[in-house]
Number of protein chains: 2
Amino acid sequence: MTMSDRRTQILDAAATLISERGFTSTSVDDVIKGAKLSGKSHFYHYFKSKEELGYEVLNRQFERFAERGLAILREPMIDPLERLNLFIDAVVALQSESGGRRGSPFGNLAAELADAHEGFRVRIEAVFERWASQIRSLLWEARPQLHDDVDAVRLSRFIIAALEGAVLMTRVKRDLSVLEGIAADLKRFIAMHVRDGAAIQLHRNLE
Amino acid sequence: MTMSDRRTQILDAAATLISERGFTSTSVDDVIKGAKLSGKSHFYHYFKSKEELGYEVLNRQFERFAERGLAILREPMIDPLERLNLFIDAVVALQSESGGRRGSPFGNLAAELADAHEGFRVRIEAVFERWASQIRSLLWEARPQLHDDVDAVRLSRFIIAALEGAVLMTRVKRDLSVLEGIAADLKRFIAMHVRDGAAIQLHRNLE
DNA sequence: CGATATTAGGACCGTATGGTCCTATGCGCA
DNA sequence: TGCGCATAGGACCATACGGTCCTAATATCG
């Protein structure tokens with residue numbers, strides 16, 4: 001097994017544990033058990049500290065999210081606003097994969113560490129910014145279909161906040177339909193920004 | 001100093017620490033220092049465990065929120081939809097008191113403990129439910145001004161999710177204007193549910 | 001006064017934490 | 001053959017954790 005295979009194995013185990021119990025409550029020993037390593041030194045052979053492990057897990061979670069979620073926002077053959085709806089569906093789908101239990105990996109870490117750990121805060125901020133910028137690009141692309149006064153920065157933040165809040169509530173209530181309902185409402189909110197006459201069939205789909 | 005004074009003192013210190021660093025990262029010794037107690041036994045004279053302390057802190061945070069935030073939803077002399085807007089303003093104001101750093105005490109605990117600690121999860125769920133039910137009552141009261149197809153359960157959840165998500169993002173970005181922008185958008189979303197012709201002056205205020 | 005409860009303070013315990021160090025075994029590659 | 005690296009595994013460390021126990025001083029109140 002190569003160096004990077006082992007690292008991947010450790011990162012996967014850590015990602016699962018962290019998304020289940022949080023970063024603070026996940027011990028290095030837990031990760032070692034999860035990744036079936038022989039001992040502490042084996043772990044520290046691959047990562048110089050638990051903190052660095054956390055950073056890399058965050059990066060991997062974002063890359064996974066970028067591939068399986070954000071990528072939809074860039075599909076060139078689909079109408080931009082339709083893509084936005086598909087993206088929201090994808091967030092719901094990703095959440096339902098874990099039975100609605102595990103939350104957004106970013107929201108979790110954000111709530112846990114934003115105030116307590118500046119290193120994580122900065123990295124999570126960067127994640128949200130990259131996410132927001134993808135939505136802003138899409139809104140720019142959809143500009144002809146949108147009202148003139150649509151503020152892409154604000155709208156992109158609203159979409160992210162609504163989704164993160166929805167994921168949080170879904171975890172607390174252990175009920176995926178919470179997320180589904182909020183996702184549907186969010187689509188209606190976005191449709192509200194569509195210029196009269198544009199994308200009428202889209203609008204009708206949501207009613 | 002009476003028994004309950006001391007308890008209050010401890011609860012206040014614990015509330016501050018927990019909202020700053022989370023429950024897991026707040027040790028009993030930290031609370032003892034914060035409340036200027038003489039030692040561990042002094043603390044355990046008032047609370048049987050750290051867990052119980054956490055539960056009581058959560059209760060107090062909710063009561064405080066109920067007094068300073070939710071109470072607005074029940075003001076009898078103000079138009080219900082106006083009250084909803086005032087409530088949203090109040091959430092922004094409460095957040096800005098801590099310089100936008102400390103998040104919603106419920107959202108924090110929810111993200112940290114919902115998956116890991118069933119006792120907290122249930123209590124946080126109850127908090128959200130009480131919050132949602134207040135909004136539902138208000139929406140019921142505002143029924144004549146709203147479209148017939150407004151789903152009060154769904155809309156109340158959306159409002160809470162948007163606010164919780166907004167508070168989370170605000171903490172991560174350390175920028176209160178994030179919350180302000182989302183709050184404004186949320187008001188527009190609510191206004192979207194208002195029946196044509198009703199509450200026109202309200203609608204115009206938001207533009 | 002004496003009795004009772006609160007306050008104070010420290011010693012202590014078992015367990016877990018992140019992290020270091022050391023030794024020994026395999027295994028591929030020059 | 002021998003060098004170097006991945007694997008394995010354990011001992012160990014300082015610190016911190018939640019929690020218990022014990023004793024002594026101080027108030028309160030009959």
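Proteins get letters first, then strands, A, B, ... in listed order; numbering begins at 1 in each. Only heavy atoms go into these numbers, but all of them, side chains included; no hydrogens, no water, no symmetry mates.
The distance from atom CD of A/Q9 to atom P of D/dA6 is 15 Å, rounded to the nearest whole Å. Counting to the nearest Å, the C1' atom of D/dT28 and the CG atom of B/D5 are 16 Å from each other. Rounded to whole angstrom, the span from the NE2 atom of A/H45 across to the C1' atom of D/dG4 amounts to 11 Å. Going from atom NE2 of B/H42 over to atom P of D/dA24 covers 19 Å, rounded to whole Å.
Applying the side-chain contact (heavy atoms from CB on, under 4.5 Å) test between A/R157 and each of A/I159, A/I160, A/V153 identifies A/V153 as the sole match. Just one of B/L81, B/D79, B/I78, B/L73 meets the side-chain contact (heavy atoms from CB on, under 4.5 Å) condition when paired with B/L86; it is B/I78.
Using cut-offs of 30° and 60° on the angle between ring planes, the pair B/F65 and B/F62 is tilted.
Atom CZ of A/R130 has 12 or fewer neighbouring heavy atoms from other residues, nucleotides or ligands inside a 6.0 Å radius.
Ring pair B/F120/B/F23: centre-to-centre distance below 6.0 Å.
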Hey, what are the protein-to-nucleotides 15-20 of chain C N/O distances that come in under 3.5 Å?
from   : atom 1 : to    : atom 2 : distance (Å)
C/dT17 : OP1    : A/S27 : OG     : 3.4
C/dG18 : OP1    : A/K50 : NZ     : 2.9
C/dG18 : OP2    : A/V28 : N      : 2.9
C/dG18 : N7     : A/K40 : NZ     : 3.0
C/dG19 : OP2    : A/Y44 : OH     : 2.8
C/dG19 : OP2    : A/K50 : N      : 2.9
C/dG19 : O5'    : A/Y44 : OH     : 3.3
C/dG19 : N7     : A/K40 : NZ     : 3.1
C/dG19 : O6     : A/K40 : NZ     : 3.0

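Considering only side-chain N and O atoms, B/R7 lies nowhere under 4.0 angstrom from the phosphate OP1 or OP2 of C/dT6. In this structure, A/R6 reaches the D/dA8 phosphate: one of its side-chain N or O atoms is under 4.0 Å from OP1 or OP2.
The cationic atom of A/K50 (NZ for Lys, CZ for Arg) does not lie both less than 6.0 Å from the six-membered ring centre of A/F43 and within 45° of the ring axis.
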